[in-house]
Protein chains: 2
Amino acid sequence: MNILEIIDAKKRGRELTKDQIDFWIKGVMSGDVENYQTSALLMAICLVGFSEEETYNLTQAIINSGTTVDLSSFYDLSVDKHSSGGVGDSTTFIVAPIFAALGYKCAKASGRGLGHTGGTLDKLESIRGFNINLDKDQFKKQIEDIGLAVISQSKDMCPADKRLYALRDVTETVDNVGLIASSIMSKKLASGVKNIVLDVKCGKGAFMKDLDAAKALAKEMVKIGKRANKNVVAVVTNMNYPLDECVGNSLEVYGALRVLEGERNNLYEVAITLTSELLNSMGVENAKQKCDVVLNNGKALEKFKEMIKAQGGDISLLNKGYLLSSKYVYDVITDETGYVQNIDPMGIAGTVTMLGGGRLKTTDTIDLYCGVELQVHVADHVSKGDVIAKIYSNAETPSAIDRVKKAIEIGQFQVERPKMILAVEH
Amino acid sequence: MNILEIIDAKKRGRELTKDQIDFWIKGVMSGDVENYQTSALLMAICLVGFSEEETYNLTQAIINSGTTVDLSSFYDLSVDKHSSGGVGDSTTFIVAPIFAALGYKCAKASGRGLGHTGGTLDKLESIRGFNINLDKDQFKKQIEDIGLAVISQSKDMCPADKRLYALRDVTETVDNVGLIASSIMSKKLASGVKNIVLDVKCGKGAFMKDLDAAKALAKEMVKIGKRANKNVVAVVTNMNYPLDECVGNSLEVYGALRVLEGERNNLYEVAITLTSELLNSMGVENAKQKCDVVLNNGKALEKFKEMIKAQGGDISLLNKGYLLSSKYVYDVITDETGYVQNIDPMGIAGTVTMLGGGRLKTTDTIDLYCGVELQVHVADHVSKGDVIAKIYSNAETPSAIDRVKKAIEIGQFQVERPKMILAVEH
């Protein structure tokens, strides 16, 4: 076997065998397969296609490239949530505490933000003292003790995925359902969790722009998970608009806090759907009601604070005064009267990046305390002179006002409130 | 403009603009475009397609990556021949002398052998003293003086082609008509010659396995040449069998010598077609007859010797005793009686490589004085006990006998002599 035969087979439209995929990924790790060979193969995969069987085998090969986590001491209760990445998406801070408050064990390894997508680790680090680097034993003990922990993804887990992703990103070979599915699912399966809910974002602010593609990805990931004996459910959610009103690292902690404290908005709706759909699939009755109980009685908020504290964070900082404490605050005031037609997630995310709150390269340093707080939703009526958003910045950046104004489209026609939940795949 | 947009455009099936192709090739040369990006783009080109316009623009971009030759002092008389590579193909040593003997100026830059394909430079170096490294002035002066010269391709000419080819070779992106055409034609156009005949090999021993693909390549190259104001004709020739009886470096010089001295075999037929088709396209009347005259009266042989002498070679060595002087000679004797059905060019070339006469890598050192001399042609009748080939080797390699025997297929049915000339494209 050699890599040229494998590239040639895919180029001619053949399905790669398990052995061929193993050979490729081992070669990626050993360096025997060169980057330029992998990128040619990736392009052939994008153009020719990648079957369910190939996707499963690639997922397994990626898992085998590194270490896996053993959560057998609480395997049946173990839960995890994954988001394919969007704007204003702080569901983790609501979903994980709900699970913990209901007695489940939420073991979450997260990443940093890149491009328009925020990162859970960056957001948590806006809480002074929060430590994202627990070792395996600390991680497991914290989950056993309080039911939840969020840490940094281990470098030893799925290293082949990191190499493939780095290459896909610079060769326009990101957008293949099989490649995306194996990248996400390899990490989820290696993390040792049994019950997994996948939040597949769909729309202008997501990798998946249209519903059919998002559904296809959701289906593919559920299949891979089931084949690996996991309980997996996928929810396709609307990412044509920022999910929460708060966008930016510390701002998103504040946005989640508001839901934990009683706010019932789009972020709430997506979070409650993710938790209740996973619990449904685990055979829990009245799942949504149960989730609402722990949200309403403050037990989920309590779990969130327990986690912050257990990982060294200062819970006295969990308030608007600290989390929205930038040097400058700009009001975005509309010149128009009408209805909010659209809020462009890329425009809002782009503003946050401009303010210093987003990364263009993985090595960029970011400002955790800047962002945009929307004051309106799609379908809201606004009048000339209304404040439609606030901008939090640590530099003088009045030009951000126009950027945000452009992202919030106001028109004369009444529009419907967008549906947040687009599909559920079991 | 950036390379990701260009890769994406091709991936989505769009035609690349001249600016995009220039940007890509400049990036290849400057290093701003990484190899893994070029290989992804090459794979997309292979799978999506490359138009005539794109092929022309790539050809020009490759030419602009290096220097070109100025042959204006004898431009209208300048001629060149290119072969797409085969087994036992020593036509250069017949074609160039015929042109020179008729008063044309044959300016030829050649390469070395690789894989199953022999190289003109290696063959010439089997003549002791022959110098393939003339500088530009020496090259032009020799052509002005005696009408022909064969030298090594300049490293400064079409350097982008070398980089692209090295990458295509290790990423299974060789077999696209546009990429092959631009690779060949860039070098031909940069060499400054006006009249070009292309020998497009077709069959088991060629890059182009089937006639339609070979014709498509021939057409594409003729179009590119005409668009660049050159006089170009392409001849598609049969490479299902070794072209000449003699295969191996010094052996092929001997094979050509035999034709220059009067032998009229397949090698003769292809050589005379290449020369006469080009002369026809230049408006020469009775071209084939004129070529035959200089072959028959020894003037072409004389020109060949003049060139060898001018480039430092010892013409007293142009004989069987020197050129077929290996340490061991093995007779291949058939056990069967019947007709020769097939002579596999890859089997014969593989034997030469095994004997040390072929390269697997460009850095391999080869033995110039080994090879195979076929004693039969396809359609010949043979009887058990006949010598069907001779093997010339400088190492004890009796195992080569079986290899050659396997390559010469003998059966009971009479077969027709294969046609050597399959198509001519003007």
Side-chain angles (χ1 to χ4, degrees), chain A residues 1-16 20 23-24 27-28 31-50 114-116 160 162-180 207 209-210 213 360-361, chain B residues 1-16 20 23-24 27-28 31-50 114-116 160 162-180 207 209-210 213 360-361:
Chain A
M1 203 182 301
N2 71 54
I3 189 66
L4 291 183
E5 287 168 21
I6 296 171
I7 299 172
D8 187 59
K10 180 42 69 186
K11 187 180 162 196
R12 290 175 196 283
R14 299 203 199 106
E15 185 174 58
L16 300 184
Q20 287 178 317
F23 181 92
W24 169 34
V28 166
D32 288 344
V33 172
E34 300 280 354
N35 278 344
Y36 50 75
Q37 294 174 319
T38 290
S39 68
L41 180 52
L42 288 168
M43 181 57 83
I45 288 170
C46 286
L47 287 167
V48 167
F50 209 53
L114 188 62
H116 70 280
K162 285 174 195 77
R163 299 207 186 172
L164 289 186
Y165 194 83
L167 211 48
R168 284 167 60 205
D169 197 39
V170 293
T171 55
E172 285 292 330
T173 51
V174 169
D175 67 346
N176 173 275
V177 165
L179 294 177
I180 298 172
F207 277 120
K209 309 291 178 203
D210 74 279
L360 294 175
K361 297 193 302 278
Chain B
M1 201 182 303
N2 71 54
I3 189 66
L4 291 182
E5 288 168 21
I6 296 171
I7 298 172
D8 186 59
K10 182 40 70 187
K11 188 181 162 195
R12 291 175 196 284
R14 298 202 201 107
E15 185 174 59
L16 300 183
Q20 288 177 316
F23 181 93
W24 168 35
V28 166
D32 288 342
V33 172
E34 300 280 353
N35 279 344
Y36 51 74
Q37 295 173 319
T38 290
S39 68
L41 180 53
L42 289 167
M43 181 57 82
I45 288 170
C46 286
L47 287 168
V48 168
F50 209 53
L114 187 62
H116 70 279
K162 284 174 196 77
R163 300 207 185 173
L164 290 186
Y165 194 83
L167 211 48
R168 285 167 60 205
D169 198 39
V170 292
T171 55
E172 285 292 330
T173 51
V174 169
D175 65 347
N176 172 276
V177 164
L179 294 177
I180 299 173
F207 278 121
K209 309 291 179 204
D210 73 279
L360 293 175
K361 296 192 302 280

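Letters A, B, ... mirror the listed sequences (proteins, then strands); counts begin at 1.
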What are the sub-3.5 Å donor-acceptor pairs between chain A and chain B, distances to 0.1 Å?
unit_1, atom_1, unit_2, atom_2, d
A:K11, NZ, B:E172, O, 2.8
A:K11, NZ, B:D175, OD1, 2.5
A:Y36, O, B:S39, OG, 2.6
A:Q37, NE2, B:V170, O, 2.9
A:S39, OG, B:Y36, O, 2.6
A:S39, OG, B:S39, OG, 2.6
A:V170, O, B:Q37, NE2, 2.9
A:E172, O, B:K11, NZ, 2.8
A:D175, OD1, B:K11, NZ, 2.5

**Report entry** Over 12 non-hydrogen atoms of neighbours within 6.0 angstrom of CZ in A:F207
**Finding:** no

Query raised in the report: Between A:I7, A:I3, A:V170, which shows the greatest number of heavy-atom pairs under 4.5 Å with chain B?
Result: A:V170

**Report entry** B:L42 portion near chain A, given a 4.5 angstrom heavy-atom threshold
**Finding:** neither

